[in-house]
Amino acid sequence: MQLTGEASQQKWRNNMKEIVNEKVDFYTLKSFCLQMEFIRQKEQGNLTTLVEFILLGFADVPGLQRFLFGVFLIIYMIILIGNSLIIIITKVDPSLQTPMYFFLGNFSSLEICYVSVTVPRLLADLCRQNRNISFLACATQMYFFLVLGATECFFLTAMAYDRYVAICNPLLYPLIMNTQLCIQLAAGCWISGIPVHIGFTYLIFSLPFCGPNQLDHFFCDIPPVLKLACGDTFMIEMLIYVVAVLVVTIPFMLILWSYVQIISTILKLPSATGQAKAFSTCSSHLMVVALFFGSGIITYMRPKSSHSVGVDKVLSLFYTFVTPMFNPMIYCLRNKDVMVAMRKFLSKWIVL
């Protein structure tokens, strides 16, 4: 909501006092200047609203555009091929028709969708000068990125629950993790984030954007888009923390609780071989959780004053490129059943 009249003037006077006393950072100063310009244009009656952004991406390193294109293209192909192989073998191999691999197949499908929201656009931008993106395209990209990101958090939680039941209640595992429950959990993971992020994305793009239209990022993520808003973003920022707690923090805490129980149970096993096998099954999942949730929590939960363009881009690379690239490697190389199924599948195709 825009402040007007005496309240608005008092707010700007307070902000000016802080600026004079050097108590604000660069982004606060930039936000203040944009809001002042918005008020000035509104008072003059010549306010212009932006209709598109320019994704700067990695324009600050023009000499590395071709190199980055090659690197990102290779990573994208690794993600597509690796996750596609996991989807295929979890469908066709009889030994992998279990809840664990049912969730893994869904997770691999999710990873392909997740990276395809941002990477093709980034590859195209690295090859051209015109990097304009309309408000609708930007909002659509942000929406699907947020929905699929939330879905990934939910699937990692469901996979942790599956491992918890398998290790802590092995005798009841076939009864608890039946086909109906697995399908319900998977459907819930895919659907749960849709309604929340429809309203969330709508609120963000309902803000007035009247200043610079250069989005210093390689896709439409929340922090860089909010930096360009010239309205009051306080309520949106509070809403970000609420959604982050619901979508990121709570699932993360549930996963940690599951693995505390799992590790406690594993340490009670009498056989060292049994302990090693159980740890091997769970360690791959923990590695994925640490990479994905770690970068996500730092990006969306840290204070706005500590945001910097360089750090945001690096962290975004972790959860948009690094984690999806390592997932097939982690789940395959550290899982003997998947490796055996992979060899059988590839040997059939090589013979054909």
Side-chain angles (χ1 to χ4, degrees), residues 1-4 7-8 11 15 27-28 30-39 41-42 47-55 113-114 117-118 121 132-154 189-251 296-307 309 312 315-316 319-320:
M1 182 184 298
Q2 296 299 322
L3 294 175
T4 58
S8 177
K11 179 180 178 180
N15 286 340
Y27 293 109
T28 304
K30 179 181 177 182
S31 175
F32 170 75
C33 293
L34 288 173
Q35 291 184 43
M36 287 295 290
E37 178 63 17
F38 174 78
I39 295 297
Q41 292 186 14
K42 187 174 182 180
L47 179 64
T48 58
T49 303
L50 299 179
V51 295
E52 63 180 14
F53 292 126
I54 299 175
L55 285 171
C113 298
Y114 183 63
V117 171
T118 57
R121 170 78 200 202
N132 294 2
I133 181 170
S134 68
F135 263 35
L136 178 60
C138 190
T140 303
Q141 185 185 55
M142 180 185 289
Y143 168 71
F144 281 106
F145 178 79
L146 293 176
V147 168
L148 294 172
T151 304
E152 184 152 349
C153 294
F154 299 148
C189 291
W190 282 106
I191 296 171
S192 297
I194 293 175
V196 174
H197 289 103
I198 287 177
F200 188 53
T201 306
Y202 174 79
L203 288 175
I204 290 176
F205 282 87
S206 295
L207 293 169
F209 295 91
C210 53
N213 66 339
Q214 294 183 338
L215 196 66
D216 200 354
H217 213 288
F218 59 89
F219 71 99
C220 292
D221 202 1
I222 296 173
V225 170
L226 282 184
K227 287 177 184 177
L228 299 185
C230 51
D232 186 0
T233 61
F234 176 76
M235 293 303 297
I236 297 293
E237 290 165 14
M238 292 301 101
L239 187 58
I240 290 172
Y241 287 111
V242 172
V243 173
V245 168
L246 294 175
V247 172
V248 180
T249 307
I250 291 178
I297 288 173
I298 294 173
T299 299
Y300 296 105
M301 297 295 288
R302 76 184 196 272
K304 181 182 177 182
S305 58
S306 63
H307 279 270
V309 174
D312 284 348
L315 289 172
S316 298
Y319 55 78
T320 56

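These numbers were taken from a predicted model, which means no experiment stands behind them.
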Practice item. Report yes if the side chains of Phe205 and Thr201 come closer than 4.5 Å at any heavy-atom pair, otherwise no. Key: yes

Exercise for review: Start with the C-alpha gap between Trp190 and Val147, add the side-chain angles, then the distance that decides, and say whether side-chain contact (heavy atoms from CB on, under 4.5 Å) holds.
Suggested key: CA-CA 9 Å; Trp190 282 106; Val147 168; over 6 Å; no

Point to revise | pair Lys227-Asp216: side-chain heavy atoms closer than 4.5 Å | key: no

Review point. Shortest non-hydrogen contact from Phe154 to Ser192?
Key: CE1-CB, 3.6 Å

Point to revise | Minimum side-chain heavy-atom gap Phe218-Leu55 below 4.5 Å | key: no

Review point. Do Val248 and Cys153 come within less than 4.5 Å of each other through their side chains, counting heavy atoms only?
Key: yes

Practice item. Please work out which of the three classes, parallel, tilted or perpendicular, describes the rings of Phe219 and Phe145, given edges at 30° and 60°. Key: tilted

Check your understanding: After noting the C-alpha distance and the side-chain angles of Ile133 and Leu215, does the key distance pass the side-chain contact (heavy atoms from CB on, under 4.5 Å) rule?
Key -> CA-CA 10 Å; Ile133 181 170; Leu215 196 66; 5.5 Å; no

Practice item. Output the distance between atom CD1 (Ile204) and atom CG (Leu146), rounded to the nearest 0.5 Å. Key: 6.5 Å

Study note, to complete from the structure: Looking only at heavy atoms, the pair that brings Leu207 and Ala229 closest together is CD1-CB, 3.9 Å

Exercise for review: Would you mind reporting whether Tyr143 and Phe200 have side-chain heavy atoms less than 4.5 Å apart?
Suggested key: no

Check your understanding: So Leu203 and Met235, side-chain contact (heavy atoms from CB on, under 4.5 Å) or not? Walk me through it.
Key -> CA-CA 10 Å; Leu203 288 175; Met235 293 303 297; over 6 Å; no

Practice item. List for me each residue that meets disulfide (SG to SG under 2.5 Å) alongside Cys220, sequence neighbours excluded, and say none if there are none. Key: Cys138

Review point. Looking only at heavy atoms, what is the nearest atom pair of Thr151 and Cys189, with distance?
Key: CG2-O, 3.2 Å

Exercise for review: Pick out which of Asp221, Val117, Leu136 makes a side chain to side chain contact (heavy atoms under 4.5 Å, CB included) with Gln141.
Suggested key: Val117

Review point. Looking at side-chain heavy atoms only, is the closest gap between Ile222 and Ile236 below 4.5 Å?
Key: no

**Study point:** Minimum heavy-atom distance Glu52-Ser134, with the two atoms named
**Key:** CB-CA, 3.9 Å

Revision key, fill the gap. Between the OG1 atom in Thr140 and the CZ atom in Phe135, the distance rounded to the nearest 0.5 Å is 12.5 Å

Check your understanding: Val225 and Met142: which non-hydrogen atoms are nearest, and at how many Å?
Key -> CG2-CE, 3.6 Å

Check your understanding: Any side-chain heavy atom of Asn213 within less than 4.5 Å of one from Leu228?
Key -> no

Review point. Where do Ser206 and Tyr202 come nearest, in terms of heavy atoms and distance?
Key: OG-O, 2.6 Å

